[in-house]
Trainee: 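Before I ask anything, here is the structure I am working with.
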2 protein chains.
Amino acid sequence: MELQEAKDRFIHTWGTLATQWGINRTMSQIHALLLLSPKSLNADEIMEELQISRGNVNMNLRDLMSWGLIYKQLLPGERKEYFQAEKDIWKAARQIGRERRRRELSPILETMEDIKKGVSDNSPESAEFLKVVNDIYAVAGFADNTLDLVTKSEESWLTSTFVKLFK
Amino acid sequence: MELQEAKDRFIHTWGTLATQWGINRTMSQIHALLLLSPKSLNADEIMEELQISRGNVNMNLRDLMSWGLIYKQLLPGERKEYFQAEKDIWKAARQIGRERRRRELSPILETMEDIKKGVSDNSPESAEFLKVVNDIYAVAGFADNTLDLVTKSEESWLTSTFVKLFK
DNA sequence: TTGAATTTTCAAAATATTCTGAAAGTTTTC
DNA sequence: GAAAACTTTCAGAATATTTTGAAAATTCAA
């Protein structure tokens, strides 16, 4: 079937792309599967569909929830837990931005502050070192602010105002 | 020595942080070492400093050059090749943005276009699938544009105009 | 309660990535 | 043009990450 083929290709490619930017392949594939699924899926269905183990599914569903990209759903009359992806891609993207900010930029800012505190003397060598540390701090801070700005904004506002203004 | 300790900590931490966002630890450490080094270094010096093999140093220097984060320098009267980091951190950051755009966003855009072409029928199921693909395309395109905008700009312009305007 | 259904955990296995070091390749000098 | 100085390559080793699957924990219905 043609459509199913395209969906499979989407899921597979999404997994491959993800590894290129440091994200677990299976996690991305589960996310892609849920994005494309009209109804929410349970662990068994995901295992079956992607041919992976129960533990793997469980672990990655957990991860996806911590990224805020999927939700757990309890269906009435069902014991099993069902999962659903956030279908608003713009919302999902903002969520990814928010998490990357927290996971990647915050640690840089904290570490640079810490290191600055550790250098007490004021020799020329120390000054030179501190310049690098301060510059990195400033760049990370700028990126953090910019991402914050963008992720806090609504899609409509962004596309209509932001892009036009700077194009 | 106090300063040396701080520098070592910087190099070590930089390597650890890098792994968290999908970048090779050694590559980051070499970059950090060159960032902190007032003079350019050759392969032997880097091997010695970071206690790693020649092959490893060579491979990662190559990688760093492809990212545009370091330069090869040929010193007169010296046979060995020396390496120097781009010391303008803002310039380096723009370089990273440019490369990530090329390496992470471009493939998404290409893949989504490809997949769209592959779906020919116009059933409701296909329409639903294409909506997801199109949305992802739009988000990736937006991110691509925004990064392009930011990386093309000069630091001074950014901090003075951009941030104030949106704060 | 009990026990069946389901989820979670985690040690070991499988896989993927990174690193080493020596051999091959290249460049430069004499 | 040969040898010394240096750089690159790459197969195998080391390390790190991911995955499995079965046992343990939890939840829920009766």
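All heavy atoms count here, side chains included; hydrogens, waters and symmetry mates do not. A quick note: this is a predicted structure, and the numbers were derived from the prediction, not measured.
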Trainee: Provide, to the nearest angstrom, the distance between the CG atom belonging to Leu61(A) and the P atom belonging to dT7(C).
Mentor: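 In whole Å, dT7(C) P lies 10 Å from Leu61(A) CG.
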
Trainee: Determine, stepwise, if the pair Ser126(A) / Asp121(A) fulfils side-chain hydrogen bond (donor to acceptor under 3.5 Å, both in side chains).
Mentor: CA-CA 7 Å; Ser126(A) 289; Asp121(A) 73 307; 2.8 Å; yes

Trainee: For the pair made of CG in Asp63(B) and C1' in dT8(D), what is the distance, rounded to whole Å?
Mentor: 14 Å

Trainee: Using whole Å, what does the distance between atom C1' of nucleotide dT28(C) and atom CD of Glu81(B) come to?
Mentor: 13 Å

Trainee: For residues 54-74 of chain A, which residue pairs pass the salt bridge (charged side-chain N to carboxylate O under 4.0 Å, His left out) check, not counting sequence neighbours?
Mentor: Asp44(A)-Arg54(A), Lys72(A)-Glu81(A)

Trainee: Scan the side chains in residues 104-117 of chain A for donor-acceptor partners under 3.5 Å anywhere in the protein, sequence neighbours excluded, and list what turns up.
Mentor:
unit_1	atom_1	unit_2	atom_2	d
Glu104(A)	OE2	Arg100(A)	NE	3.3
Ser106(A)	OG	Arg101(A)	O	3.4
Thr111(A)	OG1	Pro107(A)	O	2.6
Glu113(A)	OE2	Tyr137(A)	OH	3.1
Asp114(A)	OD2	Arg9(B)	NH2	3.3
Lys116(A)	NZ	Asn134(A)	OD1	3.1

Trainee: With ILVMFWY side chains joined below 4.5 Å, transitively, what does Leu75(A)'s cluster contain besides itself?
Mentor: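 Grouped by the 4.5 Å side-chain rule, Tyr82(A) form the rest of the cluster around Leu75(A).
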
Trainee: Output the rounded distance in Å from NZ (Lys72(B)) to P (dC6(D)).
Mentor: 14 Å

Trainee: Could you state the CG-P distance from Asp44(B) to dT20(C), rounded to the nearest angstrom?
Mentor: 14 Å

Trainee: Can you name the residues that form a side chain to side chain contact (heavy atoms under 4.5 Å, CB included) with Ser28(B), not counting sequence neighbours?
Mentor: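 Testing Ser28(B) for side chain to side chain contact (heavy atoms under 4.5 Å, CB included), a comparison that skips the adjacent residues, returns Trp14(B), Ala18(B), Ile23(B).
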
Trainee: How many Å lie between CD on Gln73(A) and P on dT6(C), as a whole number?
Mentor: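 From Gln73(A) CD to dT6(C) P: 17 Å.
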
Trainee: Starting at atom CD1 of Ile46(B), determine the distance to atom P of dT20(C), rounded to an integer number of angstrom.
Mentor: 14 Å

Trainee: Give a yes/no on whether any side-chain N or O of Asn58(B) is located under 4.0 angstrom from OP1 or OP2 of dT8(D).
Mentor: yes

Trainee: Using side chain to side chain contact (heavy atoms under 4.5 Å, CB included) as the criterion, list what pairs up with Asn122(A), not counting sequence neighbours.
Mentor: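 Not a single residue meets the side chain to side chain contact (heavy atoms under 4.5 Å, CB included) criterion with Asn122(A).
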
Trainee: Which letter, B, S or -, goes with each nucleotide of nucleotides 19-30 of chain D from 5' to 3', with contact meaning a protein heavy atom under 4.0 Å?
Mentor: BBB-----BS--

Trainee: Could you state the atom-to-atom distance from CZ of Arg62(B) to P of dT8(D) in whole Å?
Mentor: 4 Å

